[in-house]
Amino acid sequence: MLNKKQVQHCLEVMEEMFPEAQCELNHRNPFELVIAVLLSAQCTDNLVNKVTASLFAKYKTPEDYLAVSLTELEQDIKSIGLYRNKAKNIRKLCQMLIDDYGGEVPRTKTELMKLAGVGRKTANVVASVAFNEPAIAVDTHVERVAKRLGICRWKDSVLEVEETLMKKVPKEAWADTHHRMIFFGRYHCKARNPQCPECPLLDLCREGQKRMKKHETIKN
């Protein structure tokens, strides 16, 4: 696995490649961010942004989501995968915000994870983006990049990937690391067609080197 110095080099390269990396889910406040991240499970940020453009114009408070029927809310997010389950969770989440938090989104990861439909990844994103709390949210891109580069082990769980990154990356860099690894995975080290031949990290990447050897063998 890569040591701290090698991990730091990887992050510096990612920063050079994606200096403007940030959360791509459109939102104006912590409440909208929670809803957007909840909707983004197994769904692209682009699709979520298309849906929330009209959703956030219609629903501005937790009370707004509870003022309509479940069926109406389902119709408003129908183009998103798992929309029925997500609609139920949105309503439960909104009720919890009203009952337990005075209608405001809680600031800590522990409290965020008590909300319906909010897992560890969502809590980390909201705490980091909305409240500037140090956190590394491990989504599919972060997990893939961390494992391909050898920052962690292939067999590691999502929680183990998060814990390894937290050990190898300085705390003050956790939030930026999360965004840069997402951009690196989304636009460069893609799931199906990673850009290994022109990757500036190929010399450190065990997976990239394997892929290049395999490609050479097939070519010959």
Visitor: Decide side-chain contact (heavy atoms from CB on, under 4.5 Å) for V129 and Q22; before the verdict, give the C-alpha distance in whole Å, the side-chain angles of both, and the deciding distance to 0.1 Å.
Guide: CA-CA 9 Å; V129 175; Q22 60 183 345; over 6 Å; no
Visitor: Do S54 and D76 pass the side-chain contact (heavy atoms from CB on, under 4.5 Å) test, and can you show the C-alpha distance, the side-chain angles, and the key distance before you say yes or no?
Guide: CA-CA 8 Å; S54 55; D76 288 335; over 6 Å; no
Visitor: Taking the side chain from S128 and the backbone from V125, do they hold a donor-acceptor pair closer than 3.5 Å?
Guide: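 No, because the side chain of S128 does not come within donor-acceptor range (under 3.5 Å) of the backbone of V125.
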Visitor: Could you grab the distance from atom CD of E207 to atom NZ of K210, nearest 0.5 Å is fine?
Guide: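 Between E207 CD and K210 NZ, I get 6.0 Å after rounding to 0.5 Å.
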Visitor: Check step by step if side-chain contact (heavy atoms from CB on, under 4.5 Å) holds for M17 and C199.
Guide: CA-CA 10 Å; M17 293 174 71; C199 184; over 6 Å; no
Visitor: Mind checking whether V68 and L39 sit in one hydrophobic cluster, side chains of I, L, V, M, F, W, Y counted as touching below 4.5 Å?
Guide: yes
Visitor: Salt bridge or not between E24 and R186? Use side-chain N to carboxylate O under 4.0 Å.
Guide: yes
Visitor: How far apart are the closest heavy atoms of E74 and A87, and which atoms are they?
Guide: CG-CB, 3.7 Å
Visitor: So, does N49 use its side chain to make a donor-acceptor pair with the main chain of N46 at under 3.5 Å?
Guide: no
Visitor: So does E20 have more than 12 non-hydrogen atoms from other groups sitting under 6.0 Å from CD?
Guide: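 No, CD of E20 has 12 or fewer neighbouring heavy atoms, counting only those of other groups under 6.0 Å.
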Visitor: Restricting to side-chain hydrogen bond (donor to acceptor under 3.5 Å, both in side chains), what partner residues turn up for R148, sequence neighbours left out?
Guide: none
Visitor: Is it possible for you to say whether L73 and M96 belong to one hydrophobic cluster, with membership spreading through side-chain heavy-atom contacts below 4.5 Å?
Guide: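 They do share one cluster, since a chain of ILVMFWY contacts under 4.5 Å joins L73 to M96.
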Visitor: Please confirm whether the backbone N or O of K92 pairs with a side-chain atom of Q95, one donor and one acceptor, at under 3.5 Å?
Guide: no
Visitor: Any side-chain donor-acceptor pair under 3.5 Å between Y101 and E111?
Guide: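 Their side chains do contain a donor-acceptor pair, which is all the 3.5 Å distance test asks for.
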Visitor: Working note: Y187 + H141, criterion side-chain contact (heavy atoms from CB on, under 4.5 Å); need CA distance, chi angles, decisive distance, verdict.
Guide: CA-CA 10 Å; Y187 302 113; H141 300 296; over 6 Å; no
Visitor: Using 0.5 Å steps for rounding, measure from the CG atom of L112 to the OG1 atom of T122.
Guide: 9.5 Å
Visitor: Only one of V126, V37, L33, I182 forms a side chain to side chain contact (heavy atoms under 4.5 Å, CB included) with C23, so which one is it?
Guide: L33
Visitor: How are the rings of Y65 and Y59 set relative to one another: parallel (under 30°), tilted (30 to 60°) or perpendicular (over 60°)?
Guide: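 Y65 and Y59: parallel rings.
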Visitor: Nearest 0.5 Å, please: how far is NZ in K147 from SG in C152?
Guide: 6.0 Å
Visitor: Only one of R120, K167, K121, K168 passes salt bridge (Lys or Arg N to Asp or Glu O under 4.0 Å) with E162; say which it is.
Guide: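 Among R120, K167, K121, K168, the one meeting salt bridge (Lys or Arg N to Asp or Glu O under 4.0 Å) with E162 is R120.
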Visitor: Answer yes or no: is there a donor N or O on one side and an acceptor on the other, between the side chain of H178 and the main chain of A137, under 3.5 Å?
Guide: yes
Visitor: To the nearest 0.5 Å, tell me how far K4 NZ sits from I151 CD1.
Guide: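 Rounded to the nearest 0.5 Å, the NZ-CD1 separation comes out at 13.5 Å.
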Visitor: Ignoring hydrogens and angles, tell me if any N or O in the side chain of S157 forms a donor-acceptor pair with the backbone of E160 under 3.5 Å.
Guide: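 Yes; judged by distance alone, with no hydrogens or angles, the pair exists.
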Visitor: Do I35 and I90 have side chains that get closer than 4.5 Å, going by heavy atoms?
Guide: yes
Visitor: Measure from the side-chain N and O atoms of S69 to the backbone N and O of E72, and report whether any donor-acceptor pair falls under 3.5 Å.
Guide: yes
Visitor: Would you say the side-chain atoms of Q209 pair up with the backbone N or O of L202, donor to acceptor, closer than 3.5 Å?
Guide: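 It does hold such a pair.
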Visitor: Enter the distance from E15:CD to T177:OG1 here, rounded to the nearest 0.5 Å.
Guide: 9.0 Å
Visitor: Please determine whether a side-chain nitrogen of the Lys or Arg among K58 and D64 lies less than 4.0 Å from a carboxylate oxygen of the Asp or Glu.
Guide: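 A salt bridge is absent here (no side-chain N lies under 4.0 Å from a carboxylate O).
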Visitor: Look only at the side chain of N85 and the backbone of L82, and say whether a donor-acceptor pair between them is shorter than 3.5 Å.
Guide: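 Side chain of N85 to backbone of L82, a donor-acceptor pair under 3.5 Å: no, none is there.
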Visitor: Between T61 and F31, what is the shortest heavy-atom contact and its length?
Guide: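 Closest heavy-atom pair between T61 and F31: C-CE2, 3.6 Å.
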Visitor: Can you see which heavy atom on P106 is nearest to which on L97, and at what distance?
Guide: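 Closest pair (atom of P106, atom of L97, distance): CD-CD2, 3.8 Å.
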Visitor: Testing the basics here: between R211 and C196, what is the closest heavy-atom pair and its distance to 0.1 Å?
Guide: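 In this case the closest contact between R211 and C196 is CD-SG, 3.8 Å.
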Visitor: What's the shortest heavy-atom distance between S79 and L47, and which atoms?
Guide: O-CD2, 3.5 Å
Visitor: Would you indicate whether Q195, at its atom CD, is surrounded by more than 12 heavy atoms from other residues, nucleotides or ligands within a distance under 6.0 Å?
Guide: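 Yes, CD of Q195 has more than 12 neighbouring heavy atoms, counting only those of other groups under 6.0 Å.
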Visitor: Decide if atom NZ of K78 counts as having more than 12 heavy atoms of other residues, nucleotides or ligands within a radius under 6.0 Å.
Guide: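 No, NZ of K78 has 12 or fewer neighbouring heavy atoms, counting only those of other groups under 6.0 Å.
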Visitor: For residues M14 and L11, determine if any side-chain heavy atom of one lies less than 4.5 Å from a side-chain heavy atom of the other.
Guide: yes
Visitor: What closest approach, in Å, do V13 and P200 show between heavy atoms, and which atom pair accounts for it?
Guide: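 Nearest heavy atoms, V13 then P200: CG1-CG, 3.5 Å.
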Visitor: Starting at CG of N26, measure out to NZ of K50 and round the result to the nearest 0.5 Å.
Guide: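 Nearest 0.5 Å value for the CG-NZ distance: 12.0 Å.
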Visitor: For K109, does the NZ atom have more than 12 heavy-atom neighbours from other residues, nucleotides or ligands under 6.0 Å away?
Guide: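 Correct, the count exceeds 12.
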Visitor: When you measure from the side chain of R144 to the backbone of C189, do you find a donor-acceptor pair of N or O atoms at a distance under 3.5 Å?
Guide: yes
